[in-house]
Visitor: 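The structure's right below; bear with me while I get my questions together.
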Amino acid sequence: MTTAQPRTDLDVQPTPLALLLLGREADPTSERGVDCPGDLPSPSDPDLVARARAAKEKLGDKVFVLGHHYQRDEVIQFVDVTGDSFKLARDAAARPEAEYIVFCGVHFMAESADILTSDEQKVVLPDLAAGCSMADMATAEQVAECWDVLSEAGVADQVVPVAYMNSSADIKAFTGRHGGTICTSSNAKRALEWAFDQGQDPATTKILFLPDQHLGRNTAVRDLGMSLEDCVVYNPHKPNGGLTAEQLRDARMILWRGHCSVHGRFSLESVEDVRARVPGVNVLVHPECRHEVVAAADLVGSTEYIIKTLEAAPRGSKWAIGTELNLVRRLANRFAAEDKEIVFLDRTVCFCSTMNRIDLPHLVWTLESLAEGNLVNRIEVDEETEDFAKLALERMLALP
């Protein structure tokens, strides 16, 4: 009896996207990085925790480690602060004595940290292939083409761009060049109100919201009282965005066709199912979820809002959370002692795959490299892009 051997003659070639997701090769139209040089320690190395601790201790105040809420627990244990992307970038800027900012998050977050920190500080991303599928859905070339479409339709001078924080430095710079602002999921309402006030006639002013259509739609309809008919979706993969000049002239919100791969998976069926499974449950979701999910939820808010809501929740309350699973699981463990029942909104496990590229081997390799004096995986934004991106960020910081 012979044992079947794996076939090696299959005529299968990895696509550029597959190579990119593996951290190999480059995509000039993507906000993600390229190769991760050097040999990573084995993920089964039992000494990884001790190695990370020793390297961080050796670096001392020279390193400041940031961890996004969606990171794995194995990484979170070594970070100095946790938070959402903008909070972490501001925390980095508030630590000018730290020579190295190690950002355990994704590429656009590290870019924002580089924009807001001093030239002397060096921002490092442990895995350059840790990108963001949402940010990748709007490239600089596509957005420039969209602006041409708006100009040809005769409405560009009425349009104010608002870019979500979850966008590349190039998109933030585009927003700054064209008089727009950045927003987070916490201040999206204020950002839209500000943008509508920038036009000569607020009644005819339009907003180009990118790259997340759901946050833009939910904010406009739920928070500003607009209708779904006020919104159109610009698809960069279709001629003229798939829209007529008349549709662009009639719209108030021009939503970029982008979404979060995690939050976009939640459905109305998910909400109905969890209500049937957990009587008396409170459904709390992130505004990046689809409009029908947000409409069916009890509460809607940013990651920080979700955390604060659960902190203030009464003992014994029940919650179904529509956001990334690492955070939901961490919150469930944190509040178990208070008899708060916290479940994931969907039955299917869903991590942010690119956020999860930052694992303990990558963090150990990064910290040990820096401790040995080897700067790796630095994220740098060019001066012109940084200037215009910072302008858009400053407009956000000036919002009332």
Side-chain angles (χ1 to χ4, degrees), residues 17 20-21 29-32 68-70 84-85 105-109 130-140 142-143 146 161-168 170-172 175 182-186 188 191-192 207-223 226 228 230-238 241-243 251 253-271 285-297 300-303 306 321-328 344-346 348-356:
L17 177 59
L20 184 67
L21 292 173
T29 65
S30 169
E31 64 101 28
R32 286 181 235 164
H68 191 272
H69 287 304
Y70 298 166
D84 59 21
S85 58
V106 294
H107 199 275
F108 79 80
M109 299 178 187
C132 171
S133 58
M134 180 201 296
D136 283 345
M137 291 176 189
T139 68
Q142 290 172 333
V143 176
C146 171
V162 175
Y164 188 24
M165 192 72 188
N166 298 25
S167 58
S168 69
D170 285 338
I171 301 307
K172 290 183 177 72
T175 304
I182 309 300
C183 77
T184 67
S185 52
S186 299
L192 293 192
I207 290 176
L208 171 63
F209 192 93
L210 58 152
D212 181 24
Q213 61 169 308
H214 300 306
L215 177 61
R217 181 183 295 108
N218 289 329
T219 305
V221 175
R222 184 175 180 274
D223 297 332
M226 296 169 63
L228 291 175
D230 289 322
C231 308
V232 295
V233 177
Y234 182 95
N235 186 342
H237 303 291
K238 291 184 177 181
L243 300 169
M253 291 288 295
I254 302 168
L255 307 170
W256 192 265
R257 190 176 183 271
H259 66 276
C260 170
S261 59
V262 171
H263 293 107
R265 70 170 289 107
F266 297 117
S267 65
L268 182 58
E269 289 72 24
S270 302
V271 178
V285 303
H286 195 281
E288 290 177 18
C289 292
R290 302 178 191 179
H291 181 68
E292 59 267 26
V293 174
V294 165
V300 183
S302 67
T303 303
I306 290 172
I321 310 300
T323 193
E324 204 270 346
L325 183 55
N326 269 317
L327 174 61
V328 177
F344 191 55
L345 179 58
D346 196 28
T348 305
V349 172
C350 185
F351 295 101
C352 175
S353 59
T354 49
M355 190 80 72
N356 269 264

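Bear in mind that the values here come from a model prediction, so they are computed numbers and not experimental data.
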Visitor: Could you pull out the closest heavy-atom pair between V271 and V293, with the gap in Å?
Guide: CG2-CG1, 4.1 Å
Visitor: Ignoring hydrogens, what is the shortest heavy-atom contact between G264 and R290? Give both atom names and the distance.
Guide: O-NE, 2.8 Å
Visitor: Which residue, T303, N356, V262, forms the side chain to side chain contact (heavy atoms under 4.5 Å, CB included) with Y70?
Guide: T303
Visitor: Can you name the residues that form a side-chain hydrogen bond (donor to acceptor under 3.5 Å, both in side chains) with S186, not counting sequence neighbours?
Guide: S302
Visitor: Do you know the tightest heavy-atom contact between M137 and G258?
Guide: SD-CA, 3.5 Å
Visitor: Of all the heavy-atom pairs spanning I306 and V285, show the shortest one and how long it is.
Guide: CD1-C, 4.4 Å
Visitor: Which pair of non-hydrogen atoms, one from F108 and one from A135, has the smallest distance, and what is that distance?
Guide: CD2-CB, 4.3 Å
Visitor: List the atom of C352, the atom of E324, and the distance in Å for their closest heavy-atom pair.
Guide: N-OE2, 3.0 Å
Visitor: From S133 OG over to H259 NE2, what is the distance, rounded to the nearest 0.5 angstrom?
Guide: 6.5 Å
Visitor: Roughly how far, to the nearest 0.5 Å, is OG of S85 from NE2 of H68?
Guide: 5.5 Å
Visitor: Nearest 0.5 Å, what's the CG-SG distance between L215 and C260?
Guide: 11.0 Å
Visitor: N235: which residues meet the side-chain hydrogen bond (donor to acceptor under 3.5 Å, both in side chains) condition with it, sequence neighbours left out?
Guide: none
Visitor: To the closest 0.5 Å, what do you measure between NE2 (H263) and NE2 (H214)?
Guide: 11.0 Å
Visitor: Quick one: SG on C146 to CZ on R257, what's the gap to the nearest 0.5 Å?
Guide: 14.0 Å
Visitor: If I take atom CD from residue Q213 and atom NE2 from residue H291, how far apart are they, to the nearest 0.5 angstrom?
Guide: 12.0 Å
